[in-house]
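Before any comments, here is the structure.
Indexing begins at 1, ligand by ligand and atom by atom, following the structure's order. Residue numbers run from 1 in the order of the sequence given. Note that the structure is predicted; figures quoted are calculated from it, not measured.
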Amino acid sequence: MTLAPHKKAKALKPSSRRPAKELCSECGLCDTHYIHYVKEACAFIHQQIPALEEQTHGRSRDLDNSDDVYFGVNQGMTAARKIEPIAGAQWTGIVSTIAIQMLESGKVEGVVCVQNTEEDRFQPKPIIARSREEILAARVNKPTLSPNLSVLEQVEQSGMKRLLVIGVGCQIQALRAVEKQLGLEKLYVLGTPCTDNVTRAGLQTFLETTSRSPETVVYYEFMQDFQVHFKHEDGSTELVPFFGLKTNKLKDVFAPSCLSCFDYVNSLADLVVGYMGAPFGWQWIVVRNDRGQEMLDLVDEQIETQPVMSAGDRKNAVQQSIPAYDKAVTLPMWAAKLMGVVIEKIGPKGLEYARFSIDSHFTRNYLYVKRNHPEKLDQHVPPHAKQIVSQYKLPD
Ligand code: FAD
Ligand code: SF4
Ligand code: SF4
């Protein structure tokens, strides 16, 4: 991929500070002078996943290989958990642990990650962490759009040459597109999967429509048991079945960027740490290249692992959920609970659950782009996503 040199790039008028307009995911690039590259770099203006895979991993996805199509270029996957989990981390804290090891081993001089503001536990505050304490203070998801790349100028000013960036797919696509302009000697990227993100205002609506006590929620996750798990300040857990979510109210909550996103699995990170391809309670790890393996090796003695597994068949459940979501059907709570129990007993597990989640989101997002941005559909949907969506019958 070629980018015009910085000095030749055209200045953008202040009125176009977010050229992706309503599709902007606030990745932070446009808060820096790297905005000059936005038309090439923005995930919502110029989808270029295969070219950037080639640049980053030495090859793009093999579309004849189902694991590549679903999970991206990889050297292997595993399920893992920390032997001693980090209290207050999103899962067991593998991401924070790798970041600490990268810093303390001297492989990097700083880590781009996201803390929260003092006033609001869900308001993201991107930083360049230079100590174990600063990395730990960034643990747990800020389940809102986060301008992680807004600190890129500070990286340049600091003179840092070796950097670790933690981020989600849209942030990492823009980062990869400007990587060569950053003047770094070494860049490591530790990604998480990401879907259904929201603005801070959207998050409030989600919490208020879904949780019994929105103001005390400290953490939530859409888990493999088909329930949303809310953890409250007093340590209690509240479970809400997916099928009982008030989809009629939630349809407009997710950010337009996230309803147009086809990089759920963070294709351009070196190493991806999520949960959805692993058994309940474990984390799911995808090693994309040698830099990813190098990062994982650093925490070898702090984690236990087991091979990834796959069971069940997602296809009918996905096909049936398409019109239900489209018509914003909400099941009564008792029916939703029953359906959740049945699906958990007989439904997709491990990698098949991950495929279920990818299929459900890609079909929904494909319809969203087709209906709201038809002129973008062909260029914006990457080849692997087109292949996934083509397995299903979609409404117009
Ligand atoms: P921790 O050690 O707690 O560290 C979390 C790290 O995430 C921190 O370093 C922090 O800098 C970073 N972070 C927090 N919020 C953001 C943000 N908004 N943007 C960028 N970086 C952030 N995994 C799945 O398998 N399926 C999903 O559908 C899924 N959705 C996700 C949605 C969002 C918005 C996010 C941020 C993550 C999602 N993940 C998903 C990843 C998963 O929830 C965990 O973050 C991951 O498994 C790491 O857990 P951990 O305990 O190792 O992380
Ligand atoms: Fe700029 Fe990022 Fe928004 Fe695209 S998503 S317009 S690069 S801030
Ligand atoms: Fe970015 Fe996609 Fe996550 Fe939205 S769902 S924040 S667009 S990676």
Side-chain angles (χ1 to χ4, degrees), residues 12 16-32 34-35 37-46 80-82 85-86 88-100 111-116 122 124-127 129 135-150 164-175 177-178 190-199 203 219-224 254-266 272-278 282-286 299 303 353-354 357-358 361 365:
L12 288 160
S16 55
R17 287 297 286 188
R18 295 288 184 272
K21 304 198 177 78
E22 75 275 16
L23 290 183
C24 172
S25 69
E26 298 291 342
C27 78
L29 189 84
C30 293
D31 299 331
T32 71
Y34 299 104
I35 188 177
Y37 300 113
V38 65
K39 293 205 167 144
E40 285 294 318
C42 175
F44 303 95
I45 298 175
H46 181 214
R81 62 183 179 197
K82 279 211 70 195
I86 296 180
Q90 184 71 15
W91 282 78
T92 70
I94 292 179
V95 167
S96 299
T97 306
I98 292 175
I100 290 170
V111 178
V112 173
C113 52
V114 50
Q115 299 179 345
N116 55 280
F122 291 131
K125 187 174 95 178
I127 60 147
I135 292 170
L136 284 173
R139 72 193 188 284
V140 78
N141 291 358
K142 272 42 87 178
T144 47
L145 300 179
S146 174
N148 283 25
L149 300 187
S150 61
L164 169 65
V165 175
I166 300 173
V168 297
C170 57
Q171 299 160 356
I172 303 309
Q173 180 175 320
L175 175 74
V178 300
L190 175 49
T192 67
C194 181
T195 191
D196 290 348
N197 215 343
V198 290
T199 60
L203 175 62
Y219 153 111
Y220 72 82
E221 190 79 87
F222 287 73
M223 298 272 201
Q224 300 99 317
F254 300 127
S257 53
C258 308
L259 292 169
S260 317
C261 175
F262 296 91
D263 196 19
Y264 196 168
V265 298
N266 211 327
V272 179
V273 181
Y275 64 88
M276 63 185 180
W282 291 70
Q283 294 189 256
W284 173 55
I285 302 202
V286 186
V299 297
I303 57 174
Y353 175 84
S357 194
I358 292 168
H361 286 94
N365 290 8

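- Counting only protein N, O or S atoms, the number found under 2.8 Å from atom 1 (Fe) of ligand 2 is 1.
- Within ligand 1, counting atoms from 1 as listed, the ones closer than 4.0 Å to a heavy atom of Gly274 are 23 (N), 25 (O), 47 (O).
- Ring geometry, Tyr34 versus Tyr37: the interplanar angle falls under 30°, so the pair is classed parallel (tilted spans 30 to 60°).
- For atom 16 (C) of ligand 1, the closest heavy atom belonging to the protein is Val114 CG1, 3.5 Å.
- When hydrogens are left out, the protein atom nearest atom 40 (C) of ligand 1 is Pro193 O, 3.5 Å; that is the closest non-hydrogen contact.
- At least one N/O-N/O distance between Asn141 and ligand 1 falls below 3.5 Å.
- For ligand 1, the atoms closer than 4.0 angstrom to any heavy atom of Glu221 are 42 (C), 43 (O).
- Distance from atom 15 (N) of ligand 1 to its nearest protein heavy atom, with residue and atom name: Lys142 N, 2.8 Å.
- Neither the backbone nor the side chain of Leu145 comes within 4.0 Å of ligand 1, counting heavy atoms alone.
- Atoms of ligand 1 found under 4.0 Å from any heavy atom of Asn148, numbered from 1 in the order shown, are 20 (C), 21 (N).
- At the shortest separation from atom 34 (C) of ligand 1 among protein heavy atoms lies Asn197 ND2, 3.4 Å.
- Across all their heavy atoms, Ala80 and Ile303 have their closest contact at CB-CD1, 4.2 Å.
- Scanning the protein heavy atoms around atom 9 (O) of ligand 1, the nearest turns out to be Ile166 CD1, 3.5 Å.
- Residue contacts with ligand 1: Cys194 is placed with no nitrogen or oxygen under 3.5 Å of a nitrogen or oxygen of the ligand (distance criterion only).
- At a cut-off of 2.8 Å, measuring from atom 2 (Fe) of ligand 3, the protein N, O or S atoms that fall short of it are Cys261 SG, waters left aside.
- When only interatomic distances are considered, the shortest N/O to N/O separation between Pro143 and ligand 1 does not fall below 3.5 Å.
- Close approach to Leu145 involves these atoms of ligand 3, each under 4.0 Å from a residue heavy atom: 6 (S).
- Among protein heavy atoms, atom 46 (C) of ligand 1 sits closest to Val273 O, 3.3 Å.
- The nearest heavy-atom contact from the protein to atom 6 (C) of ligand 1 is Val95 CG1, 3.8 Å.
- Contacts between Asp196 and ligand 1, counted as non-hydrogen atom pairs separated by less than 4.0 Å, are absent for every part of the residue.
- Close N/O approach between Val140 and ligand 1 is found [any backbone or side-chain N/O within under 3.5 Å].
- The contact set between ligand 1 and Thr144, taken as ligand atoms under 4.0 Å from a residue heavy atom, comprises 18 (N).
- Nearest non-hydrogen protein atom to atom 26 (N) of ligand 1 is Tyr275 CE2, 3.3 Å.
- Contact atoms of ligand 1 toward Ser96: 1 (P), 2 (O), 4 (O) (distance under 4.0 Å to a heavy atom of the residue).
- The distance from ligand 1 to the heavy atoms of Gly93 drops below 4.0 Å at these ligand atoms: 2 (O), 50 (P), 51 (O), 52 (O).
- At a 3.5 angstrom cut-off on N or O pairs, Val168 does not count as close to ligand 1.
- At under 3.5 Å, not a single nitrogen or oxygen of Thr192, backbone or side chain, sits near a nitrogen or oxygen of ligand 1.
- A 4.5 Å side-chain heavy-atom check between Pro143 and Phe122 finds at least one atom pair inside the cut-off.
- In this structure, atom 7 (S) of ligand 3 lies nearest to the protein heavy atom Phe44 CZ, 3.5 Å.
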